[in-house]
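Below you'll find the structure, written out as structure tokens, and then a few comments.
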Amino acid sequence: MISQAKTTTFQEFLAVIPGSKEVGLVIAKNEKEIRDFSHSLDEAGFEQTAGVFDLFRFPKAYMTINEDAGKDIYDFVVQYPTGQVEIFDKERMRSEMLSPDYSRSVVLLVVKDDLNKLQTKGFDLLSAVGPAFQS
């Protein structure tokens with residue numbers, strides 16, 4: 001008997017993100033795929049954000065990260081499932097405590113090479129995220 005692995009589509013991945021108590025992760029092969037995924041997220045009603053605090057502003061939010069992503073991204077991903085996220089606000093020079101609203105959808109986009117570089121820096125995103133999609 002030949003077993004077949006079911007391939008999940010990007011749309012199926014997006015269907016499990018709403019209400020997830022963990023951050024979703026999309027791993028792209030290259031920058032072109034990042035743009036394609038970004039376009040698909042835009043069409044699905046997601047808002048692109050520039051910073052961690054913005055991930056709390058929209059019902060559906062996504063952020064593109066690269067190998068230079070800071071500790072605040074990692075802290076956000078690790079703390080998100082706990083119900084409280086402490087992020088240092090560099091403008092106000094103080095820590096902010098935020099509570100995730102799990103009716104929201106949060107997705108991070110990253111190129112696989114950048115993810116590998118983040119992993120070698122000690123930011124083990126793969127073990128901290130929830131649903132993940134890789135092309």
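In this chain, numbering begins with 1 at the start of the sequence shown.
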Ion pair Glu96/Arg94, N-O distance below 4.0 Å:
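Yes, Glu96 and Arg94 are salt-bridged.
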What heavy-atom pair brings [X] and [Y] nearest, and what distance separates the two atoms?
{"X": "Pro81", "Y": "Glu22", "value": "CG-CG, 4.0 Å"}
{"X": "Ser20", "Y": "Pro131", "value": "OG-CD, 3.7 Å"}
{"X": "Pro18", "Y": "Ala15", "value": "CD-O, 3.5 Å"}
{"X": "Gly24", "Y": "Ile17", "value": "CA-CD1, 3.8 Å"}
{"X": "Ala28", "Y": "Glu33", "value": "CA-OE1, 3.5 Å"}

Kindly assign one of parallel, tilted or perpendicular to the pair Phe133 and Phe37, based on the angle between their ring planes and the thresholds 30° and 60°.
perpendicular
Are [X] and [Y] joined in one hydrophobic group, where the rule is that I, L, V, M, F, W and Y side chains link up if heavy atoms are under 4.5 Å apart?
{"X": "Tyr80", "Y": "Leu118", "result": "yes"}
{"X": "Val107", "Y": "Val77", "result": "no"}
{"X": "Ile27", "Y": "Ile34", "result": "no"}

Determine whether [X] and [Y] make a side-chain contact, defined as any pair of heavy atoms from C-beta on separated by less than 4.5 Å.
{"X": "Phe13", "Y": "Val26", "result": "yes"}
{"X": "Glu31", "Y": "Val111", "result": "yes"}
{"X": "Thr64", "Y": "Gln48", "result": "yes"}
{"X": "Val85", "Y": "Asp75", "result": "no"}
{"X": "Asp72", "Y": "Phe88", "result": "no"}

What side-chain donor-acceptor pairs closer than 3.5 Å can you find for residues 49-58, not counting sequence neighbours?
| unit_1 | atom_1 | unit_2 | atom_2 | d |
| --- | --- | --- | --- | --- |
| Thr49 | OG1 | Tyr62 | O | 3.2 |
| Asp54 | OD1 | Arg57 | NH1 | 3.4 |

Atom [atom1] in [X], atom [atom2] in [Y]: separation rounded to 0.5 Å?
{"X": "Phe10", "Y": "Gln134", "atom1": "CZ", "atom2": "CD", "result": "13.0 Å"}
{"X": "Asn30", "Y": "Asp36", "atom1": "CG", "atom2": "CG", "result": "8.5 Å"}
{"X": "Lys71", "Y": "Ile87", "atom1": "NZ", "atom2": "CD1", "result": "9.0 Å"}
{"X": "Met63", "Y": "Leu41", "atom1": "CE", "atom2": "CG", "result": "14.0 Å"}
{"X": "Ser40", "Y": "Gln11", "atom1": "OG", "atom2": "CD", "result": "6.5 Å"}

Between Glu12 (side chain only) and Thr9 (backbone N and O only), is there a donor and an acceptor less than 3.5 Å apart?
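Yes; judged by distance alone, with no hydrogens or angles, the pair exists.
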Passing option when Ile65 is tested against Asp114, Ile73, Leu115 for side chain to side chain contact (heavy atoms under 4.5 Å, CB included)
Ile73
Go through Lys29 and Lys112 one step at a time and tell me if the side chain to side chain contact (heavy atoms under 4.5 Å, CB included) criterion holds.
CA-CA 6 Å; Lys29 294 176 189 166; Lys112 186 170 184 164; over 6 Å; no
Just by distance, with hydrogens left out, do Gln84 and Ser99 show a side-chain donor and acceptor under 3.5 Å apart?
no
With Asp113 via salt bridge (charged side-chain N to carboxylate O under 4.0 Å, His left out) - residues at least two apart:
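In terms of salt bridge (charged side-chain N to carboxylate O under 4.0 Å, His left out), with neighbours along the sequence ignored, Asp113 is linked to no residue.
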Leu108 vs Val23, side chain to side chain contact (heavy atoms under 4.5 Å, CB included): CA-CA, chis, key distance, verdict:
CA-CA 7 Å; Leu108 297 179; Val23 176; 3.8 Å; yes
Go through the steps to decide whether Leu109 and Ser38 satisfy the test side chain to side chain contact (heavy atoms under 4.5 Å, CB included), and finish with yes or no.
CA-CA 8 Å; Leu109 298 177; Ser38 181; 4.2 Å; yes
Per-pair distances, 0.1 Å, donor-acceptor, side chain in residues 120-130, under 3.5 Å, sequence neighbours excluded:
| unit_1 | atom_1 | unit_2 | atom_2 | d |
| --- | --- | --- | --- | --- |
| Thr120 | OG1 | Lys117 | O | 2.8 |
| Lys121 | NZ | Glu67 | O | 2.6 |
| Asp124 | OD1 | Gln119 | NE2 | 2.9 |
| Asp124 | OD2 | Ser127 | OG | 2.8 |
| Ser127 | OG | Asp124 | O | 3.1 |

